[in-house]
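To start, the structure itself, in structure tokens.
Reminder, nothing fancy here: chain letters follow the sequence lines and each chain counts from 1.
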There are 2 protein chains.
Amino acid sequence: MVVDQKPRDLTDEEIDRIFGALADSTRRDILRQSMLREQSVSELAKNYAMSFAAVQKHVAVLERALLVTKERRGREQIVHSNPAALRRAARLLDAYEELWRDRIRRIEAILDETPPRTGHDQGT
Amino acid sequence: MVVDQKPRDLTDEEIDRIFGALADSTRRDILRQSMLREQSVSELAKNYAMSFAAVQKHVAVLERALLVTKERRGREQIVHSNPAALRRAARLLDAYEELWRDRIRRIEAILDETPPRTGHDQGT
DNA sequence: CTAACATGCAACCAAATGGTTGTAGATCAG
DNA sequence: CTGATCTACAACCATTTGGTTGCATGTTAG
């Protein structure tokens with residue numbers, strides 16, 4: 001099978017592009033639309049009150065972030081969503097949360113240390 | 001208890017701010033640092049090859065995104081991470097993935113329909 | 001009190017972003 | 001072939017972003 005491959009770690013630039021792409025509601029909607037149904041760029045463009053060129057640019061941003069891919073079909077360009085990239089972003093956020101849980105665990109560990117004595121050594 | 005409250009849905013602007021804040025590696029690192037240990041802005045600033053004011057701005061961006069909060073302690077400002085906001089972002093991404101799974105389910109449902117006949121009508 | 005420190009904030013600048021219009025090339029319908 | 005459609009891309013513009021420096025203010029240490 002081709003699925004279940006472990007992907008290499010994302011670079012900082014790749015992560016920048018992913019979150020940057022997600023930081024715009026039009027692009028999030030385009031992503032949502034192409035998750036629901038694969039559509040051409042012009043079909044997608046009909047949903048938004050902006051020029052075709054603007055939508056084209058938004059799709060390009062999503063593409064550079066690897067959140068979607070395009071496939072030419074005749075004169076149309078079909079936008080495919082890439083759920084794997086999205087999942088990796090979600091897992092990335094989970095990892096940050098995990099750091100926080102680590103800290104809590106460390107704090108609890110310190111609190112659990114029954115302090116045996118209050119360090120009263122002799123100096124020299 | 002105060003935990004386990006169901007938060008209201010995030011607005012588009014809030015989501016913009018969250019992903020926008022995450023789309024910069026310095027800010028992601030600041031977030032990581034403050035997850036590991038609560039630090040003042042100037043302590044955080046020492047880690048980066050940029051001015052204090054620049055770091056201050058990055059922290060402000062994280063704050064506007066509700067990813068961190070600041071608490072004044074004497075002359076210092078302590079940066080607290082907010083894991084809940086991060087978790088909500090992660091769950092948001094999961095929701096997009098789920099849309100895709102819905103589509104797959106719909107496709108499978110169609111394929112499972114045993115096609116009873118191969119539409120061979122008479123034309124005129 | 002005074003000096004050092006931590007912060008807040010304004011002004012400024014270059015580059016990136018998000019939109020526009022216009023032009024041109026490919027492809028499909030008739 | 002001709003016209004309509006879909007896409008690509010360039011040029012342009014306003015706004016935002018990510019950085020800087022400089023200055024003012026509050027706080028702590030001596």
I'd like a table of donor-acceptor pairs (distance under 3.5 Å, sequence neighbours excluded) in which one partner is a side-chain atom from residues 104-111 of chain B, with atom names and distances.
from, atom 1, to, atom 2, distance (Å)
B:Arg105, NH1, B:Asp102, OD1, 2.6
B:Arg105, NH2, B:Glu98, OE2, 2.9
B:Arg106, NH2, A:Leu36, O, 2.9

Next on the checklist: Go through it in stages, so that I can follow the logic: the residues are A:Glu13 and A:Arg17, the test is salt bridge (charged side-chain N to carboxylate O under 4.0 Å, His left out), and I'd like the CA-CA distance, side-chain angles, deciding distance and then a yes or no.
Outcome noted: CA-CA 6 Å; A:Glu13 281 79 17; A:Arg17 281 194 285 263; over 6 Å; no
Checklist entry - Which nucleotide in the list C:dA6, C:dG18, D:dG18 gets nearest to the side chain of B:Glu76? => result C:dA6
Checklist outcome for this item: The bend of the helix from C:dC1-D:dG30 to C:dG30-D:dC1, taken between the axes of its five terminal pairs at each end and rounded to 10°, is 30°
Checklist entry - Is it true that B:Glu76 and B:Arg72 have a side-chain N and a carboxylate O under 4.0 angstrom from each other? => result no
Item to check | Closest-nucleotide ordering on DNA chain C, the 5'-leading residue of A:Arg73 and B:Ile78 | outcome: B:Ile78
Checklist entry - Could you give the CZ-to-P distance, from A:Arg75 to C:dA29, as a whole number of Å? => result 6 Å
Next on the checklist: Distance check needed: D:dG18 P versus B:Tyr48 OH, whole Å only.
Outcome noted: 15 Å
Checklist entry - Base, sugar-phosphate, or nothing for B:Ser42, non-hydrogen atoms under 4.0 angstrom? => result sugar-phosphate
Checklist entry - Atom NZ of A:Lys46 to atom P of D:dT5: distance rounded to whole Å? => result 10 Å
Item to check | Main-chain N/O of A:Val68 paired with A:Asn82 side-chain donor or acceptor, under 3.5 Å | outcome: no
Checklist entry - A:Ser51 side chain N/O closer than 4.0 Å to the phosphate oxygens (OP1, OP2) of C:dG19? => result no
Next on the checklist: Measure CE/A:Met50 against P/C:dT17 and give the value in whole Å, please.
Outcome noted: 16 Å
Checklist entry - Just by modelled atom types, is the A:Ser25 backbone N or O under 3.5 Å from a matching donor or acceptor in the B:Asp12 side chain? => result no
Checklist entry - Rounded to whole angstroms, how far apart are NE2 on A:His58 and C1' on C:dG19? => result 8 Å
Checklist entry - Which of these passes side chain to side chain donor-acceptor pair (under 3.5 Å) with B:Glu38: B:His80, B:Arg73, B:Gln33? => result B:His80
Item to check | A:Arg28 to A:Ala23 - nearest heavy-atom pair and separation | outcome: NH1-C, 3.8 Å
Checklist entry - Salt bridge between B:Asp94 and A:Arg91, side-chain N to carboxylate O under 4.0 Å? => result yes
Checklist outcome for this item: Hits for side chain to side chain contact (heavy atoms under 4.5 Å, CB included) against A:Ser42, two or more places apart or cross-chain, chain-then-number order -> A:Ser40, A:Phe52
Please produce a list of atom pairs where a protein N or O lies less than 3.5 Å from an N or O of nucleotides 8-13 of chain C.
from, atom 1, to, atom 2, distance (Å)
C:dG8, OP1, B:Gln77, NE2, 2.5
C:dG8, OP2, B:Gln56, NE2, 3.1
C:dG8, N7, B:Gln56, NE2, 3.3

Next on the checklist: Please list all pairs meeting side-chain hydrogen bond (donor to acceptor under 3.5 Å, both in side chains) that have one or both residues in residues 50-67 of chain A, counting only residues at least two apart or in different chains.
Outcome noted: A:Arg27-A:His58
Next on the checklist: For a side-chain contact (heavy atoms from CB on, under 4.5 Å) check, start with the C-alpha distance between B:Leu31 and B:Leu86, then their side-chain angles and the critical distance, and finish with the verdict.
Outcome noted: CA-CA 10 Å; B:Leu31 187 57; B:Leu86 208 42; 4.1 Å; yes
Item to check | Residues from residues 13-32 of chain A lying under 4.0 Å of DNA chain D - heavy atoms | outcome: none
